[in-house]
Number of protein chains: 2
Amino acid sequence: MISVTQGDSLGRELSTAVVAFHEAVGAYLGVSAVDQRALGVIGARGPLSAGALAKEIGLTPGAVTGMVDRLERAGLVERAPDPADRRRVVITVAAKGRGAFGEVFGGLSTAMNAMVGRYSVAEQQVIADWVTRTIDILREQTRELSRRTSKR
Amino acid sequence: MISVTQGDSLGRELSTAVVAFHEAVGAYLGVSAVDQRALGVIGARGPLSAGALAKEIGLTPGAVTGMVDRLERAGLVERAPDPADRRRVVITVAAKGRGAFGEVFGGLSTAMNAMVGRYSVAEQQVIADWVTRTIDILREQTRELSRRTSKR
DNA sequence: GAATTTATTTCAGCATACCGAAATATTCAG
DNA sequence: CTGAATATTTCGGTATGCTGAAATAAATTC
């Protein structure tokens, strides 16, 4: 069995490695941590209006304008007026943005797939299950921490 | 089997969840991402001089002074002159710092241990193996990315 | 169709945190 | 004991990026 201390330190190392990778991605693309989260949100939740993005990442509308300016200047996202409501501006990840991410995550993805492929189907299921549960726990703990942070 | 796209998106979600948790930790403790990494380094590599810390995290000595000022003001680290070489200042994680991290990571650790405990010994070994390999891949990809970033 | 509401942008002010260089303190070499 | 080297701090300048408020534009309500 994984002892408590072993499990903790492995988890800690994994966490550190993930964060280090993210920082390296940010440095490579020349975008801040918040910008990266915004890119992730836009990519995952599809095209988004500026206001929706502001709520999603907890910034004021004014700050979002500046952030989108940066990302647009870097060619990573695109602005377009919403045809249905022309007050709105919808923001999408630009082709270059998707390309840059592919470039950055491509090597990781390839290596991870090759590594996972060496496990049996049953083992892969165990791993996927653990990852899913870990994600749930992380999200719950993040919410709890944010709750405690806001109550001060 | 975990399909390529499934594996990718799970990995992406895990990564996002880890980063979100780290950001929540930073917000809770009131320290920046760099500060957090410094705390991690000091905690892991034992007491460290200011200069050694500067090299470790890639800041100028002047910036380290300011950072340690912040962390010390927050009660998370302590400065002490090195008895062997009184030009040096050794920095250690303060009791409050360790306590704060325990408070923050305690819930996570508990939940993770409970979750992992539900797997069989063999399954736990598979998981630990996968985590170890994933860490290796992340580190390698981080190095590769940093290498490409510096070459510009 | 005038008034109100909603969405985004602009802008001034402010806080943060970095760098580079000079200052200070201590150690080491000869 | 003097001069050079090393470790940290101090400080001025700068860049970044946020907030809050005002401005602008478009849609909705009555």
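In what follows, chains are A, B, ... by sequence order, proteins preceding strands, each numbered from 1. Here the structure is a predicted model, which is why all the values come from computation and not from measurement.
Two different hydrophobic clusters hold A/V68 and A/V90 under the rule that ILVMFWY side chains link at heavy-atom gaps under 4.5 Å.
A cation-pi arrangement is absent between A/R139 and B/F21, since the terminal nitrogen or guanidinium carbon is not both under 6.0 Å from the aromatic centre and inside a 45° cone about the axis.
In this structure, B/M67 places its CE atom 14 Å from C1' of D/dT9, rounding to the nearest Å. Whole-Å rounding puts the A/R37 CZ to D/dG17 C1' distance at 14 Å.
Closest-nucleotide positions on DNA chain C for B/V31 and A/V90 were compared, and the one nearer the 5' end corresponds to A/V90.
Here A/G62 lies in heavy-atom contact (under 4.0 Å) with a base. Counting non-hydrogen atoms under 4.0 angstrom, A/A63 reaches a base of the nucleic acid.
B/R88 has no side-chain polar atom (N or O) that falls below the 4.0 Å cut-off from OP1 or OP2 of D/dT8.
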All N/O contacts under 3.5 Å from nucleotides 22-30 of chain D to the protein, with atom names and distances to one decimal?
from, atom 1, to, atom 2, distance (Å)
D/dA27, OP1, A/R86, N, 3.1

Residues B/R98, B/E103; criterion salt bridge (charged side-chain N to carboxylate O under 4.0 Å, His left out); working and verdict:
CA-CA 9 Å; B/R98 285 190 297 275; B/E103 194 183 334; over 6 Å; no
Derivation of the salt bridge (charged side-chain N to carboxylate O under 4.0 Å, His left out) call for B/R143 and B/E140:
CA-CA 5 Å; B/R143 270 195 303 276; B/E140 183 202 320; 5.7 Å; no
Run the salt bridge (charged side-chain N to carboxylate O under 4.0 Å, His left out) test on A/D85 and A/R88 for me, step by step, so that the C-alpha distance in whole Å, both residues' side-chain angles and the decisive distance to 0.1 Å come before the verdict.
CA-CA 6 Å; A/D85 181 346; A/R88 285 205 177 89; 3.1 Å; yes
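Candidate nucleotides D/dC18, D/dT19, D/dT9 were compared by shortest atom distance to the side chain of A/R70, and D/dC18 ranks first.
Proximity of a side-chain donor or acceptor of A/E78 to a complementary backbone N or O of A/V93 within less than 3.5 Å is not detected.
Atom CD of B/Q125 sits about 9.0 Å away from atom CG of B/D129, to the nearest 0.5 Å.
A/S32 and A/D35 share a side-chain donor-acceptor pair at under 3.5 Å.
Bounding nucleotides for the chain B contact on DNA chain C, 5' to 3', at a heavy-atom distance below 4.0 Å, are C/dA17 to C/dT27.
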